[in-house]
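Below is one structure; the comments refer to it alone.
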Amino acid sequence: MERIFLSSPHMSGKEQSYIEYAFDTNWIAPLGPNVDGFEREIADYVQLKDAAATSSGTAALHLALELLDVQKDDVVFCSTLTFIASANPILYMNATPVFIDSEEKTWNMSPNALEKALKDAKQNGKMPKAVIIVNLYGQSAMMDELIALCDEFGVPIVEDAAESLGAYYKGKPSGSFGKYGVFSFNGNKIITTSGGGMLVSNDVESLKHARFLATQARDTAVHYQHSMMGYNYRLSNILAGVGRAQLEVLDERVKARRAVFNRYVEAFGGVEGIDFMPELENTYGNRWLTTLTLNPEKIKTTPYELIEALGKVNIEARPVWKPLHLQPLFKGSAFYTNSDDNVVSERLFKQGICLPSGSNLTLEQQQRVIDKVIEVFGVEKPASSLKLNN
Ligand SMILES: *Cc1c(COP(=O)(O)O)cnc(C)c1O
C-alpha cells in the first residue's frame, strides 16, 4: 500500500521556470535576482517593509536574537508547545530559555502564564530580552493579549510563524506582529524551497544588518576584512526561485489544507471525546496540520495506539509536539503554567495527534485515513456536530 505522509512537498509546476532563470543568468549562489524577488514578494505578502531570505527558519530565528542583542546569560521567553527549533537559537546565544505554557483556545502561548512570568522577571530585576511566540500548526496565538503584555513590560516579540504562513489574525497576516517575524520553507511546511527561511520586519535598517551578519559579517573593503562574528545563512538563488513559484500558490495551498481539515471534521468530528484544534474567533488559520485530541475518559484508544494502527497500514501520523520544558535538553529550565491545576501543553501532548494534512492529499488517500480511524474507534460513521468555516 502506498505511503501517506503527514505533510509532503507540493510543487506547482511553475518552479522549473524560476530555476531556469537562475541558470540562464548564472546566479548559482546565495544571492541573485530570485533572492531579491522572493524577499520583496514575501514582504508584500505579509504587508511589511522588508524581508531577508535565510538558509532556514532556524537561522532566521538566530539572526532575530542577534539583532535584539541577546547576550550570554540573558533570558528569553519561549512558547513551550513547539518544535525544538523555536528554542535552539536561545542556546546558540548562550542565553537562558524560560518556557511559557499554552492556553486552551489556540494551544499557543497563554497570556496568563506570560503575565506571571513577566511580573516575576520584573520583581527579580531580570527582564527577558525577547519573547518568542509560536503560531502552532498554523493557528495564530492570542496576539492582542500577548502584545499588550509585552508592550506593558517593554519586551520585544519574535513571532515564530514557521508553521503559519498564509494565516491571518483579525485580517492581518500571521508573522507580521512582532518586532521580527520568522518563516520556514522546510520540506514539510505549507510551501517549501526544500530548505529555507525568511526574517521579516518593518525595521529596514536592522534587516540590512541581518544580511550583513548572514554573509560572514564582511566589512566594506576590497580585501576580506571582518570586525564581527558572522554566519553563512543566506538562501540559495536556485531555492529562492522555488520559493517564488510556491508563494504564487500559497493561498490555494491554505484552502486545500483547510478542506482536508473540514473533511476530517465531517467524518468523525461528532465522536464524543474527539476535539479538533479550535480556531480563534476572527482568525483564519492555514491548518498546516490537522490536529485533534482524544479525551481518555471518553475514548479508550490512546494517540499512540492510533498512530501505531495507522502506521501498520502505511499512514504517517504523529503526536503533538513534546513541550520543550519536558525535553531532556531543557531539564531544569523555568516554566510557567497556564494555571496551577491546568498544564495545558502537557495535556495536549498526552492527548494530541496530527493526521496526514498535505495539500496534495487525494480524496482517496484521505478516505483511507478516515476509514482506518473510524475502524480503530469502532464507531459507525458519526455525524459532525462542529460548525465548519471555509
Ligand atoms: C519548522 C519550524 C522551525 C524551523 O524552521 P527550519 O526551516 O526547519 O529551520 C521553527 N519553528 C517552528 C515552530 C517550526 O515548525
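Counting starts at 1 for both ligands and their atoms, following the listed order. Sequential numbering from 1 along the given sequence is applied to the chain's residues.
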- Message: Between ligand 1 and G196, can you find any atom pair, the residue atom being a heavy atom, that is separated by under 4.0 Å?
- Response: yes

- Message: Any heavy-atom pair between the side chains of R258 and Y284 that's under 4.5 Å?
- Response: yes

- Item | Nearest-contact summary for atom 9 (O) of ligand 1 - protein heavy atom, Å | T58 OG1, 2.5 Å

- Between R244 and Y18, is NZ or CZ placed under 6.0 angstrom from the six-membered ring centre and within 45° of the ring axis? no

- State whether a side-chain donor-acceptor pair under 3.5 Å links Y336 with D120. yes

- Item | Taking atom 11 (N) of ligand 1 as the reference point, the nearest protein heavy atom with its distance | D160 OD2, 2.8 Å

- Query: For ligand 1, which atoms, with element, lie under 4.0 Å from some heavy atom of S56?
  - Reply: 7 (O), 9 (O)

- Closest heavy-atom pair, A60 versus L199, reported as atoms and distance to 0.1 Å, is O-CD1, 3.6 Å

- Message: Any nitrogen or oxygen of T82, side chain or backbone, less than 3.5 Å from one on ligand 1?
- Response: no

- atom 1 (C) of ligand 1 has as its nearest protein heavy atom K189 NZ, 1.6 Å

- Report yes or no: does a heavy atom of S86 sit under 4.0 Å from some atom of ligand 1? yes

- Message: Give the atom numbers and elements of ligand 1 that come within less than 4.0 Å of a heavy atom of A85.
- Response: 3 (C), 4 (C), 10 (C)

- Task: Examine the side chains of Y45 and D251 and answer whether a donor and an acceptor come within less than 3.5 Å of each other.
- Result: yes

- cation_pi(R218, Y224) dist<6.0 Å, angle<=45: yes

- Within a distance under 4.0 Å of any heavy atom of S184, pick out the atoms of ligand 1 and give their elements. 1 (C), 5 (O), 6 (P), 7 (O), 8 (O)

- Report yes or no: does S357 contribute a side-chain atom to a donor-acceptor pair with the main-chain N or O of L355 at less than 3.5 Å? yes

- Query: Looking at atom 15 (O) of ligand 1, what's its closest protein heavy atom, distance included?
  - Reply: E163 OE2, 2.6 Å

- Message: List ligand 1 atoms under 4.0 Å from A162, heavy atoms only on the residue side.
- Response: 2 (C), 3 (C), 10 (C), 11 (N), 12 (C), 14 (C)

- Item | Under 4.0 Å to a heavy atom of N186 - the qualifying atoms of ligand 1, by number | 8 (O)

- If you measure only the distance, is there a donor-acceptor pair under 3.5 Å linking the side chains of S227 and D219? yes

